Participant: 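I'd like to ask you about the structure that follows.
None of the values given here were measured: they were computed from a predicted structure. Letters go in sequence order (proteins before strands), and every chain restarts at 1.
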Amino acid sequence: MSKGLSIKRQLFVMTVLVLCVINGIAIWGANLYAERAAKLSFDRLLHGAALQIAESINLLDGRVVIDLPVSAFETLALAPSDRAYYAVTRLDTKEVLTGYDNLPSRFIFPQSVSADLGAEAPMYMEAPFYGEATRFIRVVKRLIEADQMVDVEIVIGQTTVARLQLADEMGGMVIRFLISFFVVTLALLMFGIWRVLRPLKLLKKAIEARSSTELTPLNTAVPTEIQPLIEAMNFFMAQLANTLERLKRFTGEAAHQLRTPLAGLNLQAQNALDEPDPIARKRQLNDIIESSALLSETVNHLLNEATLAHRMQSEVFRSLNLHTLVQDVCRSLVVWALQRDVEIAYLGNAEHKIRGDDVALTQMLRNLIENAVKYSPEGSSVEINLTESSAGLILTVSDQGSGIRDKDKQHVFERFYRGQHNQTMGSGIGLSIAKEVAEHHKAVLTLEDNHPTGLIIKVTFPQEATV
Amino acid sequence: MIRFAIGLLFLLLGSGSQAVSKHYLPGTLEGSIHIWGVADYPVIEPLLQQFQKSVSDVDVHYWEFGTKELEARLRTYPDDMPDLVMSPAMDLQFKLVNDGFARTYQSSVTEALPNWTTWRNEIYAFAFEPIVMVINTDILGGIALPRSREQLLNLVREKGPLLQGKMGLSDIERVGLGYLTWFHDSQQSRTYGRLLEAFGSHHAQLYPNSREMLDALRKGEIFIAYNLVGSYALEWSRRYPWIEPIMPTDYTSVVLRTAFIPAQAQRAELGSEFLDYLLSEGQQYMAQNVGLIPIVEGIEGTNSQEALKRRSHGIFRPIPFGLPLLVQTDKAKRSIILDEWRAAMTSDHKSK
């Protein structure tokens, strides 16, 4: 399908690898165990036979009498296709009393730690004999009669066909078991993997089935591990939907806001064209200039808003100094305000840092201050303050204009709303942008009356927004 | 040069030991097979001829040994081996194989055989030899013939004086088969001790081989012969109707005649051809024409196991073919058995 790695294939390869390693170790261990077990059981037979022979050796009048029991050889014959050899030797004279006289002697066997012959443990060793691998056991028996004591050594050898066969059989059984275990485990794991990955497939189908404009959240059931992915996708789609919505609204508003003044301009221009009186025409042309200035302000605001809206969705906050920001904005507006005979006074001095978007905040400050200046009577001043309180960082912009009546206060933040008694020209967007920026920073924007007259706009940045 | 030297040595040995008799059947094909055995040449000859006729017409050399001489010969000259060794001395044969004297051989023929007739695919039983009592019915005609060892003991008790010196036994000190079967008796039943005592107290005659014992029986020198090879006894009873072999009904010991291909065989492929023949077509031929009883069951013929089963018999107890046979070759055990035997056989003589 795609060039990326398939999770399914990766899981499959990992599973097979892990199973191979586990099975390999298990087979190795099983073979080791089987060999040990076979060795142990056949060594016991050897030991049993040796003990039976030892039992049949007695000292009679100073003579060693050996009455070999058939049962000892029947014990050995439990390994039906193995050769066997035996010898009984007097340790003092080194005389082979009966049996094979060419078996390994005690000098070849690994030396026993115990010095006490009577208590010697059986010794085992493996050596080729008559051209075949043979396992030997050596047992010593002390014969006692009156004041006489004779040690005899019993050596039995047996070829290793049966023990190898048993080991092979046991090993083979384990291998057969492990192979079926491997197959069953692999099948179960593959089923498990299919089960686990199925939600991803379902998710893919659910997305494929959507139309390109459907941006509602996905609600396909998925494992908790994949839930964050779904959430991220849903978040992304919500943002996309939001952006689309804004764009639509903006386009509608902009169309409306531009069409009306343009029509007005057109009409004014027509009138001016028809006006014979040069003085009146000049006034009309001045009106046109004023109208087009307003229009360009509106366009600016609209564009600003579009930029900000985009920023507010995508830009990440960083730490910034609100004090310097306010200073900068004031500085940039002070000349413009003086032209209108309005003074801008910044009283704040708190060096506070907050987390925010400097471009958006600058725009907000501009809008608030410009707005205050516009509604200020000539010769008055606009005071800007930045203080810290328990509620957080408070920015106030106060003017001495006519203020806003209480019934208008709830509407001023609506787009393009203009108070009934508002004589000043404006786009009606400035405050609404300011409010959006404030809310974007989780700050609260409130309006208060100034005394004796005027408006105070208060922006409260909550404590958690400060750094 | 070496071969010549060995041949010379051989000749010397052969002339020195009367136990070896050499026979030769010329064939038309290139090559020769050497078989060493214990069976009397007249018994084995038809089988050898049949082999030449139906399998491979090569020269056949058959050397007849005593059981012990055969074993001694193989052990003394391990570099000079025949292509096949056949013997009823199971213990000696087994020990040879245990000591690595045989080579493994497997074929479709050997695979068809029952498990108990082979060991390690190195040695194969080819003939079934029940061990019998043989009675001269002319002399013991008036009384009910003993069918089991218990009845034999009763007879000895009742007619003791009549049987003084009139019972025959193999001399187990000299006869390998005699020791083998006697040892088997010692393992099998409680009657063994009483038998030994009865034979000892009644001066049982000891014979160095079956032939001499059967001859003595035929002539009436003895009335009862104990533990004889069944195939010979049956053969003789056909010729001399007044002697009757009886398979004891308490249990009938069975000795297996075995064959193996020596590890050092020079013409092992001929040896294996003969072995295959012996175990397949030869079995059939044995049942009808040779005085040996085939190991394979279900074959009809005068010498077959089926024919044996129709006579009165006890449980067939083949001497088990396996490691326990090592006990029979053990010299310490042998000296114990022989001590008992000698004590029984001579004590009464002394007391007399």
Participant: What's the shortest heavy-atom distance between Lys333(B) and Leu68(A), and which atoms?
Facilitator: NZ-O, 3.1 Å
Participant: Side chain from CB out, backbone as N, CA, C, O: work out which of these in Val88(A) comes under 4.5 Å of a heavy atom of chain B, or both, or neither.
Facilitator: neither
Participant: With heavy-atom distances below 4.5 Å as the criterion, would you say the side chains of Arg83(A) and Leu326(B) are in contact?
Facilitator: no
Participant: Less than 4.5 Å apart, side chain to side chain, heavy atoms only: is that true for Asn98(B) and Tyr130(A)?
Facilitator: no
Participant: Minimum heavy-atom separation for Pro324(B) to Val70(A), with atom names?
Facilitator: CB-CG1, 3.7 Å
Participant: Counting C-beta onward and ignoring hydrogens, is there a side-chain heavy-atom pair between Phe73(A) and Leu325(B) closer than 4.5 Å?
Facilitator: no
Participant: Find the distance between OG1 (Thr98(A)) and CD1 (Ile336(B)) and round it off to the nearest 0.5 Å.
Facilitator: 9.0 Å
Participant: Pairing donors with acceptors under 3.5 angstrom, does anything connect the side chains of Asp330(B) and Tyr86(A)?
Facilitator: yes
Participant: Would you sort out whether Val96(A) and Lys331(B) count as a side-chain contact (heavy atoms from CB on, under 4.5 Å), showing the intermediate values?
Facilitator: CA-CA 11 Å; Val96(A) 177; Lys331(B) 65 178 180 190; 5.7 Å; no
Participant: Where on Gln328(B) is there a heavy atom nearer than 4.5 Å to chain A: the side chain, the backbone, both, or neither?
Facilitator: neither
Participant: Quick one: are Glu74(A) and Leu323(B) in side-chain contact, heavy atoms under 4.5 Å?
Facilitator: no
Participant: Taking atom NZ of Lys68(B) as the centre, report whether more than 12 heavy atoms of other residues, nucleotides or ligands fall under 6.0 Å from it.
Facilitator: yes
Participant: Out of Gly322(B), Pro320(B), Ala332(B), which one racks up the most heavy-atom pairs below 4.5 Å with chain A?
Facilitator: Ala332(B)
Participant: Between Trp119(B) and Asp82(A) (side chain of the first, backbone of the second, donor and acceptor by atom type, cut-off under 3.5 Å), is there such a pair?
Facilitator: no
